[in-house]
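All residue numbers in this chain count up from 1 along the given sequence.
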Amino acid sequence: MREQNNIEDGRHLRAFITRNKIIKSAQEVFLKDGFQKTTIKQIMEHAKIGYGTIYGHFKGKDDLLVLLMEDVMEKFFTIANTPFFPSTTEEAREIILSQVLDFLRVADTERDIMRVFSEGIGLSAVISEKWEEIRLRFIQSIIKDITYSQVKGLARLDLRAEIVAKGWFFTNEMYQWEIVFNKNEYPLEEIAETITTMYVESIYL
């Protein structure tokens, strides 16, 4: 029994190593050639494995990019999930400002792979659908924070949280893509300070 378990453990370890090797190769090829020009054959050759092996782990390059997208987005979600329990408007502003600045900094750090994500979103239904799922997850997180502030008497009750959350998310997303494509004209700190001030002063009491 122990020998059988050792064999199974060995198989799982080899599969894990191979899977990670494929993912790493995919990332390197995507960064070099972009999403559209990348082929499974290129990834296979880079990883030095066969077709059967790569398709044993992934359906195609779309699945690989989705996996890479999920990995990078977890950095953004970690920021979005910062505990949000302010007792004053000023506390809320400090938390939000910190979140926005961290969000923009991640976009700046990950700009190369984010460009590949943008290309994939425009070309693949699978990747576009994943991006919509990611958007919804962010918006739901913002709704939760706005609702908390409304319940605590910190934010206006005459504004629907869902509508405000979408507007706030898309503002951040716009600046995220501007940073990724080097279109931002101002320092990240100034962008974060400005849009946070506009947001907080429009919904907080």
Side-chain angles (χ1 to χ4, degrees), residues 20 22-40 42-43 46-47 58 60-82 84 93-142 145 164-203:
N20 284 344
I22 295 169
I23 295 169
K24 186 174 185 299
S25 291
Q27 181 171 3
E28 292 181 13
V29 177
F30 281 137
L31 288 172
K32 177 177 176 290
D33 296 327
F35 177 75
Q36 185 172 24
K37 292 182 179 179
T38 292
T39 65
I40 282 294
Q42 286 175 300
I43 297 171
H46 189 282
F58 302 99
K61 70 175 185 177
D62 299 59
D63 285 355
L64 280 160
L65 192 62
V66 163
L67 190 66
L68 291 170
M69 182 184 289
E70 289 173 339
D71 184 56
V72 171
M73 286 303 113
E74 276 307 315
K75 297 178 182 180
F76 289 99
F77 286 132
T78 297
I79 297 167
N81 292 331
T82 299
F84 189 81
R93 186 185 187 284
E94 289 177 5
I95 297 170
I96 294 167
L97 176 59
S98 177
Q99 286 178 312
V100 173
L101 186 53
D102 287 344
F103 186 90
L104 298 180
R105 283 171 174 163
V106 172
D108 189 42
T109 301
E110 301 288 347
R111 65 174 64 197
D112 291 338
I113 193 65
M114 291 287 289
R115 288 173 185 164
V116 181
F117 296 160
S118 177
E119 184 185 7
I121 291 167
L123 294 171
S124 165
V126 171
I127 297 166
S128 177
E129 182 178 343
K130 171 54 65 174
W131 186 249
E132 289 305 315
E133 290 176 10
I134 289 167
R135 277 177 164 171
L136 180 59
R137 185 175 166 188
F138 276 121
I139 290 168
Q140 289 174 335
S141 176
I142 297 169
D145 290 347
V164 175
K166 285 183 178 180
W168 180 230
F169 170 78
F170 288 121
T171 297
N172 282 270
E173 185 187 31
M174 180 191 73
Y175 280 106
Q176 164 209 290
W177 290 122
E178 286 201 350
I179 290 164
V180 167
F181 289 101
N182 297 314
K183 293 181 180 178
N184 59 305
E185 302 176 16
Y186 309 103
L188 302 187
E189 292 78 8
E190 184 177 356
I191 295 172
E193 181 74 34
T194 301
I195 64 175
T196 297
T197 298
M198 293 173 61
Y199 173 68
V200 171
E201 291 188 0
S202 66
I203 72 164

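Remark: I43 CD1 to I22 CD1 distance equals 9.0 Å, nearest 0.5 Å. Atoms CD1 and CD1, on I96 and I203 in that order, are 6.5 Å from each other to the nearest 0.5 Å. Rounded to the nearest 0.5 Å, atoms CD (E110) and NZ (K75) are 3.5 Å apart. Between the CG atom in N184 and the CD1 atom in I179 there is a gap of 5.0 Å [rounded to 0.5 Å]. For the atom pair CG of L64 and CZ of F35, the computed distance is 9.5 Å after rounding to the nearest 0.5 Å. One distance of note links CD of E74 with CD1 of I134; it measures 9.0 Å at 0.5 Å rounding.
Partners of F84 by ring pair (Phe, Tyr, Trp, His ring centres under 6.0 Å), not counting sequence neighbours: none found. Taking the ring pair (Phe, Tyr, Trp, His ring centres under 6.0 Å) definition, one finds that F58 meets it with nothing, sequence neighbours left out. For F169, the ring pair (Phe, Tyr, Trp, His ring centres under 6.0 Å) test picks out F138, with sequence neighbours left out. Partners of A192 by side-chain contact (heavy atoms from CB on, under 4.5 Å), not counting sequence neighbours, listed by chain and number: L97, V100, L101, L104.
Enclosure of atom OH in Y175 is not indicated, since only 12 or fewer non-hydrogen atoms of other residues, nucleotides or ligands lie within 6.0 angstrom. Annotation for M174: atom CE counts as buried by contact number, over 12 foreign heavy atoms lying within 6.0 Å. Applying the 6.0 Å contact sphere to CD of E133 captures more than 12 heavy atoms from other residues, nucleotides or ligands.
Between M114 and F181, every side-chain heavy-atom pair lies at or beyond the 4.5 Å cut-off. In this structure the side chain of F30 reaches within 4.5 angstrom of the side chain of L65, judged on heavy atoms. Side-chain contact between F117 and V72 is present, with at least one heavy-atom pair separated by less than 4.5 Å. Counting heavy atoms from C-beta outward, E190 and E193 have side chains that stay 4.5 Å or more apart. V66 is listed as a side-chain neighbour of E70, based on a closest heavy-atom distance under 4.5 Å. Annotation: side chain of E173 is in contact with side chain of R135 (closest heavy-atom distance under 4.5 Å). Residues I113 and V116 meet the side-chain proximity criterion, which asks for heavy atoms closer than 4.5 Å. Looking only at side-chain heavy atoms (C-beta outward), R93 and T197 come within less than 4.5 Å of each other.
A distance-only check finds no donor-acceptor pair linking the side chain of T194 to the backbone of I191 [under 3.5 Å]. Between the side chain of K183 and the backbone N or O of W177, no donor-acceptor pair lies under 3.5 Å. A donor-acceptor contact shorter than 3.5 Å links the side chain of T82 to the backbone of I79. Side chain of S98 to main chain of E94: no donor-acceptor pair is present (N/O by atom type, distance under 3.5 Å, no hydrogens or angles). Here the side chain of N172 pairs a donor or acceptor atom with the backbone of W168 at under 3.5 angstrom.
Considering every non-hydrogen atom in both S141 and A80, the closest pair reads OG-O, 3.4 Å. Contact between Q36 and K61 at its shortest, heavy atoms only, is O-NZ, 3.2 Å.
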* Begin with the C-alpha distance, continue with both residues' side-chain angles, and end with the deciding distance and a verdict on side-chain contact (heavy atoms from CB on, under 4.5 Å) for Q42 and K37. => CA-CA 10 Å; Q42 286 175 300; K37 292 182 179 179; 5.5 Å; no
* Asked: Passes side-chain contact (heavy atoms from CB on, under 4.5 Å), R115 versus L31? Steps please.
  -> CA-CA 9 Å; R115 288 173 185 164; L31 288 172; over 6 Å; no
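Among pairs with a residue in residues 116-127, none fulfils salt bridge (charged side-chain N to carboxylate O under 4.0 Å, His left out), at least two apart in sequence or across chains.
Taking 4.0 Å as the cut-off between side-chain N and carboxylate O, E28 and K32 do not count as a salt-bridged pair.
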Would you give me the side-chain donor-acceptor pairs under 3.5 Å for residues 122-129, sequence neighbours excluded?
unit_1 : atom_1 : unit_2 : atom_2 : d
S124   : OG     : D62    : OD2    : 2.4
S124   : OG     : V126   : N      : 3.2
S124   : OG     : I127   : N      : 3.2

